[in-house]
Amino acid sequence: MSKPAIPQGTRDFSPDVVRKRRYILDTLKGIFELYGFQPLETPAMENLTTLTGKYGEEGDRLIFKILNNGLHEIKKEEDKVKLSAEWDKVLSKSYSSPVVTERALRYDLTIPFARYVAMNQNDIAFPFRRYQMQPVWRADRPQKGRYREFWQCDADVVGSTSLINEAELLCIYSQAFTLLGLPVAIKINSRKLLQGLSEICGHPDKMMDITIAMDKLDKIGWSGVATELHNRGIDEAGTALLQKAIEITGTNDEKLAAYDTLMETSASGKAGVEEIRKSLEYYTSLWDGAGDTITANVDISLARGLNYYTGVIVEVICTHPDVKMGSIGGGGRYDDLTGLFGLKGLSGVGVSFGVDRIYDIMDELRLFPQQVSVSAKAIILNFGGENELYALDVLKLCRAAGVAAEIYPDAAKFDKQMKYANKRGVAYVLLPGDEERQTNSVSIKNFVTGEQKKMTIADAIDMLRG
RNA sequence: GAGGCUGUAGCUCAGUAGGUUAGAGCAUCAGAUUGUGGUUCUGAGGGUCGAGGGUUCGAAACCCUUCAGCCUCCCCA
């Protein structure tokens with residue numbers, strides 16, 4: 001008999017954890033709805049062909065593939081031979097064979113959303129604003145803050161190129177993290193600006209290399225980035241230019257002005273600067289954030305991994321000094337996402353919340369409100385015999401009055417029932433025994449103060465509601 | 001894909017110059033205490049020491065293999 005266990009990188013969520021996670025999810029849902037976004041849910045699994053090639057080479061390797069079974073019966077002898085031949089290759093992750101696997105677990109929420117939009121384009125009123133909160137799966141190696149099953153909460157708008165959308169999403173981030181009480185910084189950049197950077201330093205084809213290297217600035221410093229750039233084939237003149245760009249400091253406006261000058265010869269770069277400027281302008285108008293702990297900073301070293309972004313990109317990190325955690329949210333604009341599914345010319349922009357990381361941080365910093373953890377308000381003790389039926393009457397009245405209550409189902413020893421109530425952390429214990437039953441009353445004990453009183457059932461229920 | 005650390009009771013962990021019957025705390029159950037919880041005291045149950053092989057008179061400990069978990073890099077949320 002093997003020890004009970006769950007798969008690597010997955011977790012059980014105990015009652016208290018579920019309540020806290022729901023607090024985050026409910027907060028986000030409320031904001032999404034407030035901003036006019038509509039809910040969407042898609043299947044846990046997608047056709048493998050829907051997912052492959054959308055997340056880059058690395059991403060493809062991390063897709064959890066589902067074995068063909070249930071629906072398939074291999075009849076032809078030649079297919080059986082092929083199956084065993086393909087098996088090992090499929091396990092290597094970088095190869096797929098429809099004989100072995102045709103479906104896969106959802107890797108993110110954006111691609112399934114794009115697929116949905118392409119499939120339902122005739123019924124959707126554009127611009128379409130949707131939010132989605134569901135688990136996703138990645139065959140990654142788990143480590144701190146990284147799981148193989150985790151939740152994403154996405155909000156996207158498709159069918160509009162207006163930068164007001166970018167600003168709205170920045171507001172959503174600001175409002176969400178203000179409500180949750182997390183101090184964060186939103187980094188904002190543009191793929192066009194990064195493209196411009198690669199152009200002016202003479203390597204227009206190396207945008208990804210430059211971006212990946214620059215993204216490590218926080219971790220390895222400029223000297224590390226310079227080494228990385230050299231290894232990726234960027235010459236010294238180009239590196240010097242990048243250093244100049246990275247060392248630009250000041251307010252967002254000052255930085256953008258400096259970038260604009262720097263991008264004089266790059267139309268793409270100039271367009272990038274302008275879209276960041278405009279997005280921030282809308283954001284400032286829309287977000288009333290006086291005194292909050294949210295900052296939005298232009299950051300030219302921000303990369304974002306997914307290769308479908310084409311415009312503004314954003315990332316959120318927690319700025320609390322005790323928190324060592326990667327990004328807790330990110331997003332950006334993708335000009336032609338649905339084009340991959342045959343619907344051309346539809347631009348989208350979206351953001352994602354990393355709920356699991358947000359949970360980890362909030363738990364560490366004890367940011368969950370106390371009342372999130374409470375369960376049933378009262379436990380009714382069971383004295384057996386006639387008192388048992390009397391207890392059920394009391395229970396019925398509690399619930400009818402909207403008071404969450406439960407009865408101890410067995411007429412166990414008093415001591416045992418009290419200990420159970422204590423462990424459950426209820427606010428009150430009701431004691432309907434002989435004495436109470438005969439006077440049509442109930443004793444109610446406040447489990448925090450220890451104070452106990454006998455009163456009518458109606459009075460007790462009033463106390464529980466107050 | 002590369003590297004590091006750790007596997008002993010349900011949980012957290014002690015336990016090496018190899019030596020009778022492998023320990024503690026917490027948790028569980030019972031009792032002190034049959035209508036008063038949190039505190040305390042007493043007692044009980046629970047372990048093929050991750051698995052397989054080797055060295056040895058003797059292995060939880062030393063060696064090899066393997067599996068699992070955690071962490072770092074890569075990449076990402």
Side-chain angles (χ1 to χ4, degrees), chain A residues 1-11 14 24 55-63 92-94 106-110 133-154 208 211-213 215-216 219-220 224 228 303-307 314-318 324-331 350-361 379 381-385 387 408 411-437 442-454:
Chain A
M1 178 99 173
S2 58
K3 277 196 176 188
I6 55 175
Q8 185 183 34
T10 65
R11 295 148 298 159
S14 302
I24 298 174
Y55 308 108
E57 204 175 318
E58 182 78 15
D60 279 355
R61 289 178 45 226
L62 300 179
I63 294 172
S92 75
K93 291 181 183 173
S94 54
R106 187 168 53 214
Y107 179 89
D108 73 352
L109 301 180
T110 308
M133 308 194 288
Q134 288 188 283
V136 301
W137 294 269
R138 295 187 188 177
D140 208 352
R141 270 189 89 155
Q143 49 187 278
K144 190 173 185 181
R146 177 182 298 193
Y147 308 99
R148 301 188 101 173
E149 177 185 67
F150 61 98
W151 280 60
Q152 286 191 334
C153 294
D154 282 22
M208 284 310 290
T211 304
I212 290 168
D215 190 44
K216 296 178 184 167
K219 267 186 185 170
I220 58 180
E228 180 106 11
R304 299 298 303 159
L306 298 174
N307 52 9
V314 294
E315 183 167 285
V316 181
I317 54 161
C318 181
K324 301 269 182 287
M325 182 75 82
S327 67
I328 54 177
V351 290
S352 179
F353 287 82
V355 179
D356 300 84
R357 287 185 173 178
I358 293 171
Y359 175 89
D360 287 349
I361 292 173
I379 283 181
L381 297 201
N382 185 338
F383 290 94
N387 296 324
Y408 196 90
K413 279 202 204 162
F414 196 84
D415 179 66
K416 189 168 179 174
Q417 299 194 40
M418 289 296 273
K419 280 184 173 160
Y420 173 77
N422 185 57
K423 210 163 197 177
R424 284 290 310 275
V426 294
Y428 292 93
V429 168
L430 300 184
L431 301 88
D434 288 326
E435 207 180 301
E436 288 84 356
R437 175 170 49 82
V442 70
S443 289
I444 177 166
K445 183 183 175 85
N446 182 321
F447 237 52
V448 179
T449 63
E451 189 184 0
Q452 182 172 328
K453 279 186 207 159
K454 195 165 90 170

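Residue numbers start from 1 in every chain, and the chains themselves are labelled A, B, ... in the order their sequence lines are given, proteins ahead of strands.
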S.K.: Is there any protein nitrogen or oxygen under 3.5 Å from a nitrogen or oxygen in nucleotides 26-30 of chain B, and what are the pairs?
M.R.:
{"residue": "rA27(B)", "atom": "O3'", "partner": "Lys423(A)", "partner atom": "NZ", "Å": "3.4"}
{"residue": "rU28(B)", "atom": "OP1", "partner": "Lys423(A)", "partner atom": "NZ", "Å": "2.1"}

S.K.: For RNA chain B, list all stems, counting runs of three or more consecutive pairs where every pair is Watson-Crick or G-U wobble with both distances under 3.5 Å.
M.R.: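 Stem segments, range with range: B:1-7 with B:67-73, B:10-13 with B:23-26, B:28-32 with B:40-44, B:50-54 with B:62-66.
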S.K.: Under the side-chain contact (heavy atoms from CB on, under 4.5 Å) rule, collect the residues that match up with Lys419(A), sequence neighbours excluded.
M.R.: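 Scan of Lys419(A) (side-chain contact (heavy atoms from CB on, under 4.5 Å), adjacent residues dropped) gives Asp415(A).
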S.K.: Can you name the residues that form a salt bridge (charged side-chain N to carboxylate O under 4.0 Å, His left out) with Asp215(A), not counting sequence neighbours?
M.R.: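 Not a single residue meets the salt bridge (charged side-chain N to carboxylate O under 4.0 Å, His left out) criterion with Asp215(A).
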S.K.: Among Ile24(A), Asp356(A), Val136(A), which residue satisfies the side chain to side chain contact (heavy atoms under 4.5 Å, CB included) criterion with Trp151(A)?
M.R.: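 Among Ile24(A), Asp356(A), Val136(A), the one meeting side chain to side chain contact (heavy atoms under 4.5 Å, CB included) with Trp151(A) is Asp356(A).
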S.K.: Taking side-chain contact (heavy atoms from CB on, under 4.5 Å) as the definition, give me every residue that meets it alongside Asn446(A), ordered by chain and number, with sequence neighbours left out.
M.R.: Tyr428(A), Val448(A), Thr449(A)
S.K.: Among all residues two or more places apart in sequence or in another chain, which pass the salt bridge (charged side-chain N to carboxylate O under 4.0 Å, His left out) test with Lys416(A)?
M.R.: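 By the salt bridge (charged side-chain N to carboxylate O under 4.0 Å, His left out) rule, Lys416(A) matches no residue at all.
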S.K.: Does the base of rU36(B) carry an N or O that pairs as donor and acceptor with the side chain of Gln417(A) under 3.5 Å?
M.R.: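 Absent.
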S.K.: Give every pair of a protein N or O atom and an N or O atom of nucleotides 38-46 of chain B that lie under 3.5 Å apart, one pair per line with the distance.
M.R.:
{"residue": "rG38(B)", "atom": "O4'", "partner": "Asn422(A)", "partner atom": "ND2", "Å": "3.2"}

S.K.: Between the protein and nucleotides 4-6 of chain B, which nitrogen or oxygen pairs are less than 3.5 angstrom apart?
M.R.:
none

S.K.: Are Ile379(A) and Phe447(A) packed together at the side-chain level, in the sense that at least one heavy-atom pair is separated by less than 4.5 angstrom?
M.R.: no
S.K.: What residues form a side chain to side chain donor-acceptor pair (under 3.5 Å) with Arg146(A), not counting sequence neighbours?
M.R.: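 With neighbours one apart ignored, the set is Asp140(A).
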S.K.: What residues form a side chain to side chain donor-acceptor pair (under 3.5 Å) with Gln8(A), not counting sequence neighbours?
M.R.: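 Once residues adjacent in sequence are excluded, the partners of Gln8(A) under the side chain to side chain donor-acceptor pair (under 3.5 Å) criterion are Arg148(A).
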S.K.: When you measure from the side-chain N and O atoms of Gln152(A) to the phosphate of rA77(B), is any distance below 4.0 Å, counting only OP1 and OP2?
M.R.: no
S.K.: Taking salt bridge (charged side-chain N to carboxylate O under 4.0 Å, His left out) as the definition, give me every residue that meets it alongside Lys454(A), ordered by chain and number, with sequence neighbours left out.
M.R.: Glu435(A)
S.K.: Quiz question: going by heavy-atom distance under 3.5 Å, is there a donor-acceptor pair between the base of rC76(B) and the side chain of Arg357(A)?
M.R.: yes
S.K.: What residues form a ring-ring contact (aromatic ring centres under 6.0 Å, His included) with Phe383(A), not counting sequence neighbours?
M.R.: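 Testing Phe383(A) for ring-ring contact (aromatic ring centres under 6.0 Å, His included), a comparison that skips the adjacent residues, returns Phe414(A).
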S.K.: Taking atom types as modelled, find out whether Thr10(A) and Glu149(A) have a side-chain donor-acceptor pair closer than 3.5 angstrom.
M.R.: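 The criterion, which ignores hydrogens and geometry beyond distance, is not satisfied for Glu149(A) and Thr10(A).
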